[in-house]
Structures are given as structure tokens and as C-alpha cells.
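All remarks here apply to the structure that follows.
A note on names: the letters A, B, ... follow the listed sequences, proteins ahead of strands, and every chain is numbered from 1.
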There are 2 protein chains.
Amino acid sequence: MNKLILLIMPKSADEKRVKILESAKRRFAHYGMSKTTMAEIAKDLSFSKALLYYYFPDKNSLYCAVLDYVITEQEEDILEVLRPITNTERAIMVILEKRMEYIKKYYNLFEYTFNTGKDVPEDLGKVIICSFEKQHEQIISILKNGAKSGELVIDNYEETARLFLFSLMGMRLIVIKDIKHSFFPTKEEFDAILEMQKKMAKIFIKGLGA
Amino acid sequence: MNKLILLIMPKSADEKRVKILESAKRRFAHYGMSKTTMAEIAKDLSFSKALLYYYFPDKNSLYCAVLDYVITEQEEDILEVLRPITNTERAIMVILEKRMEYIKKYYNLFEYTFNTGKDVPEDLGKVIICSFEKQHEQIISILKNGAKSGELVIDNYEETARLFLFSLMGMRLIVIKDIKHSFFPTKEEFDAILEMQKKMAKIFIKGLGA
DNA sequence: ATATTGAATATTTAAAAGAATTGGTCAAAT
DNA sequence: ATTTGACCAATTCTTTTAAATATTCAATAT
């Protein structure tokens, strides 16, 4: 009997952990990091505040966990959509679309990551960098495929992918910066960014062409 | 005698205006907009504060005038260096170098322009947009030359130039954002940005190639 | 031992009040 | 028309206080 409990408890515990994660995700995505309190998250689940601290050492860790959770979801989603695609340009387009989809969906969640004026907490920085690395690897992989199939000619994959990512990210930054007046960019504004990114990507890819 | 004075005075007045402009430029370039006071500028010249307001309606106008002054200087400088250059890529490289040179030199002057979280005052916005337009026109002109000489193939000059500018500016933003901890980016950091911009520009140009 | 809580404490943020600095005006003088 | 010193108004900077929120912990239940 005791053994049975021992085997089951961890799973139940994990379930609670996930519940917290999901609940926090909803609140963070809707209200952002700073406008979400631990008390609210606890209340949503009828847990005590203290229980949150049993599963996560502090608010920032919880936020990081949520961020990581969403990023992973996104990565898997992209991987899935990417599977049947062979053409390089098409692959890039699909990635851009998916990413924009997630940014739209979780804007307030990511927003804290973007704006953080002060120096980012150690572990948040790690999550961000890790995410960037994954994107980087993905672009590298696509570039290599493109080279293998003879579509592209590239001397330095690592650097080229980084340049590509930077100019796309920068483009997003610069447009977002322009529309800072409203809290939340409109659909049209998101679409405008996406369109620019796509066009820019096309020229870039052609520039790498054989 | 009176007539003589009447003819000379305006020039002297203008000279004072320029003196104020130069003095303000030095202060703004060194300490930035917010850390420069009208009193200081006046003191530098042994003028009274009120005199500044005789020549410029308010501080913001003075700042705009200085900004415009420097931007014009830069434009002329670039035009000068550009004259003997015919090759498209070379032209772009020279522009990038010159611009970075000015950003380095007048970093604190421009900084206010970049960071302005709140909505920019009407006339400052005008100066910024005007500057962007000029850069835009310049890139368009270079692209057209490139097309004429057969180096490039472009369907939409206006849009292509805008994409190009955005991705360069964004690249600068994104790197500057990363090094926000220190007040002033180091020479190495400036150089890093410039290098990225150059490489990015090269790929972009090749992507427009015939 | 693990999971959970209510209540207590420690930090952060927000608001208010007051002082100091700085931007901007004006009547008078040159 | 140009220039100034003295004055006022607006803004920023400090200090204080109060409120909100994060975080801890001893005690309890499982």
C-alpha cells in the first residue's frame, strides 16, 4: 500500500506542477509578468500561495519555466510543420509565419523578455539565449540543406545564420519601437512586420543563391 | 552710419545664433540632451540664458536645430566621399562607414533620439523622419545607379531601399540593446556592429544581383 | 517523509509631499 | 533689435509613508 502511494504520488505532484505552469501561462500571456501576482495564480487553482513556492523557488523561476514551456511548444510546432518542406525559401517563410503566430498569441508573455531595461536575471537570460541558439541551429540546418541541394552557396553557416536572424529580429524591434504608443500592436501591424520580414528574407536567400 | 549698422547687425546676430548652435552641439554631444541645461550653454558663451530664448523658442527647438545641423554636416560629408565611387557595393560600404563614424562621434546627441520612450515632440519627429527620408532617397539613388549599370535588378526601388535601411537600423538596435549595461558602447562594439552591417549588406546586394 | 496551509515577514512598488533644479517669461535697459 | 536680471512655472529629484506583493516558516495533514 505504501509502495503504491510512493509510485503514484510523484505523478500527482508533477500534475500539480503542470497545473501551476498552465495557469501561470494563461495569466502571464494575458496580463504580462509584472501585472500577474502569485496570489492570483494560486487563487485560479484554489491552491495556497505557499504551494506555488513548494514547486517553484520564486516568481522569476516560474516565469522562466513558463517561457521555456511555450518556447518548447513553439519549437515542436515548427518542427512539425517543417517536416514535409524541402524548398529552402518555403521553409524560411513557414518559420517566419509560425513565429509571428506565437508572438501574436503570447505577446504579453514575451514582452517582458524584450523590454527588460535592467539586467536580466541569470536564469531568464539563459532561457533567452538558449532559445536563440535553437533558432540559430535551425537556420543553420536549413542553410545546410539548401547548400546540399545546390540551392545555396555559403562559406560560413554559423555567421550567415546569425546575420539573418539579427536582421529579422532587428526589423521586428524597429517596427515595434515605432508603435510603442499602444500597449499591443494591432493585427495590421503584426502583418506589416511579417511582410517586411518575408520580403527581406527572400532577398537575403537570393543573395545566397548559387 | 545707421545704415551700416543695419547691414552688419543681422550678420552679427546670425553669428551669435551659430555660436549658440555650436556650443549646444558640444554639450549635447558630450552630455546628451537631458543632462545639458540651458544655463550651461549660456554660461559657456558668457551669454544670458534669456538670450538663448531670443534665438530659439525653447530647448527642444535648439536640440532639433543642432540635430539638423549635424545631420546636414553628415549628409554633405557622405555626398563628398561618395562622389568618385561608381561601384554599388563600394558605395554602400562607404555610407555604412561614414554613418558609424558619426554615430560614434555624436553618440550622446543621437541617443536621445533613439531612446525617447514617450511620444516625440512634433518637430523632433519631423527632423528624424526627414533624415530617414534623405537616407532613403540616397539608397534609392544608389540602387538606381546599380540597376542602370546592370549590376542590380530591382522591381520596386522604394520598397527595396526601405527594407535595406530597416534591416541595417534594426541590426544596430539589436546590438545596442544587448550592451545597454554600459552608458557608452566601446569601440569594439561599434566595430562589431559595423562588420555585421557590412556583411549583411553584401549578401543583400548580391541578392539583388543580375 | 511529502505535501499543504495560514499567518508572519521582507521586498517592491505606488503615492504624496516637499525641496531643488531647470525651463521659460517679461519688463526694463542698451 | 538685442540683451539682461529677476521672476514664475514646470519638471525632476528626494524623502517619507503606505500599500501591495513576494517570500519564508512553523505547524498540520496526508
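C:dG24 atom P lies 8 Å from atom CG of B:Asn60, rounded to whole Å. Summarising the geometry, the separation between CG on A:Leu52 and C1' on D:dT21 is reported as 13 Å, rounded to the nearest angstrom. Between A:Glu15 atom CD and C:dA3 atom C1' the separation is 15 Å, expressed in whole Å. With rounding to whole Å, A:Ile20 atom CD1 is found 9 Å from C:dT4 atom P. The NZ-P distance, from A:Lys35 to D:dA20, rounds to 14 Å in whole Å. Between B:Tyr55 atom OH and D:dA1 atom C1' there is a gap of 9 Å when expressed in whole angstrom units. The nearest whole Å value for the distance from the NZ atom in A:Lys49 to the P atom in D:dT23 is 10 Å. Atom NZ in B:Lys59 sits roughly 11 Å away from atom C1' in D:dT11 (whole-Å rounding).
The neighbour count for A:Lys19 NZ, taken as heavy atoms of other residues, nucleotides or ligands under 6.0 Å away, does not exceed 12.
The A:Ser48 side chain lies nearest to C:dG6 when the options are D:dT4, D:dT21, C:dG6. Proximity note for A:Tyr54 (side chain, C-beta onward) versus D:dT23, C:dA3, C:dG6: the nearest is C:dA3.
Salt bridge status for A:Asp77 with A:Arg99: absent, with no side-chain N to carboxylate O gap under 4.0 Å.
Nearest-nucleotide positions on DNA chain C for B:Tyr53 and A:Ser46 put A:Ser46 closer to the 5' end.
Residue B:Ile92 forms a side chain to side chain contact (heavy atoms under 4.5 Å, CB included) with just one option from B:Leu168, B:Ile142, B:Leu143, and that option is B:Ile142.
Under the 6.0 Å cut-off for aromatic ring centres, A:Phe204 and B:Phe204 do not qualify, their centroids lying 6.0 Å or more apart.
Backbone-only engagement by A:Thr36 is indicated by non-hydrogen atom pairs under 4.0 Å involving sugar-phosphate atoms exclusively.
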